[in-house]
Amino acid sequence: MRQVLVVGAGCLVQFAVLLSVLRTLFCPRGLTSRVASHAVKAVALVSLPIARRIPWHGGQRLMDLCAPLGLCVMLFGWLTGLALGAVLMAAAFDPSLRAPGPFLLFERPGWVPLALTVVAAAMVALALTTFCVYLIGYLEALERRERLVLRLGMRSARIPDAEGMLADCLRCGSRDGLDQRFAEWAGWLSELHRSHQRFPGLLYHRPNGELPWTRAAVIVMDAAALVEAVSPAWAPPHTRVLLDSGMACLQQLASLAGVVVPATEVSLQGREEWAFGDSVRHATASGLPPEREPGEAWEAFQFSRIRYAPYAAMLGARLLLQPDAGPGR
């Protein structure tokens, strides 16, 4: 009975690791395994409090290691589980085990030790292969996230806000051109939502440029919200698609990061220095046809903005993506 229990425990550990590996590899419904999610959260739980208490640049250097260390912890967890399961089964079948590990050595040769060694080697190979595939997908998702952010960041030297970006689109194109731009950003937000659920480490991965992805999302969504607030009938079809995609993305990612956003009726995060009337005049002067009075447009704008901007600001504060991000802002 004791041998049966030990073998059962070893098989259970091996099966749990195999299930985690397969779930991470095939990722049903776009979700990742609990090991991948808990690994990066554990590293962040240790790194974030330290990063908040040291100078900004030192904290950023520390947070640069958060996502890579999370990946290493995930792989270490898999290999540790496989080794533990193999040792339990080997010890049950052969008490004379002398060198525990994935590749087992026994005092007495036989088909059982050989079978256990082959199974252990196959499981380790599967775990390493899955990790390599996962890492390739992770890096590709990171590149897709940063591509459009870097493009917007390069334009930020002369277009630092939603009003400037919207004016540039309206002056250089038509309603259809603006719709294509909104469709591109809506696809980016949808991809951002899916990839950050698929790869939890991306949430803690530092931006490649000066502009964090949370701020980029707010800029493009502010442009869409401004168009819908001022000219609801003229607004291109993808205006609402962009806003809905961004709201779902930021709210879900804030929940994954453990961010709780209090209810609010007005959102001014990142717009403290802008008067809404100036924004409307700037947009209409660039070609946006006004259809609402400024007061009505302000209410429509805030109705949309309170459902994404506070989440982005709190998420940026939680992840230390920008120096001035914080609950007070």
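Remember, predicted model here, so these are calculated numbers, not experimental data. Residue numbers count from 1 along this sequence.
- Salt-bridge annotation for D278 and R281: present, with a side-chain N of the basic residue lying under 4.0 Å from a carboxylate O of the acidic one.
- Taking CG from L166 and CG from D222, the interatomic distance works out to 10.5 Å, rounded to the nearest 0.5 Å.
- Rounding to the nearest 0.5 Å places SG of C132 at 7.0 Å from CD1 of I136.
- Checking side-chain atoms of S255 against main-chain N and O of Q251 turns up no donor-acceptor pair under 3.5 Å.
- In terms of heavy atoms, V43 sits closest to C66 at CG1-O, 3.6 Å.
- With R305 contributing its side chain and V218 its backbone, the two residues share no donor-acceptor pair below 3.5 Å.
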(message) As a quick check of understanding, evaluate side-chain contact (heavy atoms from CB on, under 4.5 Å) for E265 and I306, giving each step before the final call.
(response) CA-CA 7 Å; E265 296 181 358; I306 59 174; 5.9 Å; no
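- Annotation for R144: atom CZ counts as buried by contact number, over 12 foreign heavy atoms lying within 6.0 Å.
- Around the CD atom of E293, the shell of radius 6.0 Å holds no more than 12 heavy atoms that belong to other residues, nucleotides or ligands.
- Side-chain atoms of D179 come within 3.5 Å of backbone N or O of H238 as a donor-acceptor pair.
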(request) Give the intermediate values and the outcome of side-chain contact (heavy atoms from CB on, under 4.5 Å) for residues F301 and V230. (result) CA-CA 8 Å; F301 180 73; V230 176; over 6 Å; no
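- Taking CZ from F182 and CE from M221, the interatomic distance works out to 11.0 Å, rounded to the nearest 0.5 Å.
- Between Y134 and L71 the shortest side-chain heavy-atom distance falls below 4.5 Å.
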(request) Begin with the C-alpha distance, continue with both residues' side-chain angles, and end with the deciding distance and a verdict on side-chain contact (heavy atoms from CB on, under 4.5 Å) for V220 and R181. (result) CA-CA 10 Å; V220 297; R181 185 68 60 84; over 6 Å; no
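- In terms of heavy atoms, S231 sits closest to E291 at C-OE1, 3.4 Å.
- Counting heavy atoms from C-beta outward, V124 and L126 have side chains that stay 4.5 Å or more apart.
- Put simply, the side chain of Q197 reaches to within 4.5 Å of the side chain of L256, judged on heavy atoms.
- Using a 3.5 Å distance cut-off with no hydrogens or angles, the side chains of R145 and H205 do not pair a donor with an acceptor.
- Contact detail for A257 and L203: the closest heavy-atom pair is CB-CD2, 3.8 Å.
- At a threshold of 4.5 Å between non-hydrogen side-chain atoms, the residues L18 and L82 do not count as touching.
- Because its NZ or CZ atom is both nearer than 6.0 Å to the ring centre of F303 and within 45° of the ring axis, R307 counts as a cation-pi partner of that residue.
- Here the side chains of H193 and S245 are not in contact, with every heavy-atom distance at 4.5 Å or above.
- Between S304 and R240 the shortest side-chain heavy-atom distance falls below 4.5 Å.
- A distance-only check finds no donor-acceptor pair linking the side chain of R215 to the backbone of G316 [under 3.5 Å].
- Note: L189 CG to D244 CG = 11.0 Å, rounded to the nearest 0.5 Å.
- A heavy-atom distance below 4.5 Å is not found between the side chains of Y311 and V259.
- Among all heavy-atom pairs drawn from L250 and A312, the shortest one is CD1-CB, 4.0 Å.
- Under the 4.5 Å side-chain heavy-atom criterion for Ile, Leu, Val, Met, Phe, Trp and Tyr, V266 and V261 are members of the same hydrophobic cluster.
- Linking Ile, Leu, Val, Met, Phe, Trp and Tyr residues whenever their side-chain heavy atoms come within less than 4.5 Å leaves Y138 and V73 in two separate clusters.
- Of the possible donor and acceptor atoms, one in the side chain of Q60 sits under 3.5 Å from a partner among the backbone N and O of L320.
- The main-chain N or O of E191 is found under 3.5 Å from a side-chain atom of S195 such that the two form a donor-acceptor pair.
- The shortest distance between side-chain heavy atoms of M74 and V40 does not fall below 4.5 Å.
- Note: W298 and F276 have perpendicular aromatic rings, judged against thresholds of 30 and 60 degrees for the angle between ring planes.
- Taking the six-membered ring wherever Trp is involved, the centroid distance between the rings of H196 and W213 falls below 6.0 Å.
- The backbone N or O of N208 lies less than 3.5 Å from a partner atom in the side chain of E146, making a donor-acceptor pair.
- No single ILVMFWY cluster, assembled from side-chain heavy atoms under 4.5 Å apart, contains both L12 and L19.
- With values rounded to the nearest 0.5 angstrom, L211 atom CG is found 8.5 Å from L150 atom CG.
- Contact between L62 and A51 at its shortest, heavy atoms only, is CD2-N, 3.8 Å.
- Atom CH2 in W188 sits 7.5 Å away from atom SG in C249 (nearest 0.5 Å).
- Judged purely by atom type and a 3.5 angstrom limit, T239 has no side-chain atom pairing as donor or acceptor with the backbone of A235.
- Residues L202 and A141 share a closest heavy-atom pair of CD1-CB, 3.7 Å.
- Not a single donor-acceptor pair under 3.5 Å links the side chain of R147 to the backbone N or O of L142.
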(request) Quick one: do K41 and Y204 satisfy side-chain contact (heavy atoms from CB on, under 4.5 Å)? Show the steps, please. (result) CA-CA 9 Å; K41 286 183 179 180; Y204 300 90; 4.3 Å; yes
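- Hydrophobic cluster membership differs between V241 and Y308, with clusters built from Ile, Leu, Val, Met, Phe, Trp and Tyr side chains linked at under 4.5 angstrom.
- Remark: the backbone N or O of W234 is paired with a side-chain donor or acceptor of R175 at under 3.5 angstrom.
- In the hydrophobic clustering of this structure, M63 does not group with V46; members are Ile, Leu, Val, Met, Phe, Trp, Tyr whose side-chain heavy atoms approach within less than 4.5 Å, directly or through other members.
- No more than 12 heavy atoms of other residues, nucleotides or ligands sit less than 6.0 Å from atom CD of E210.
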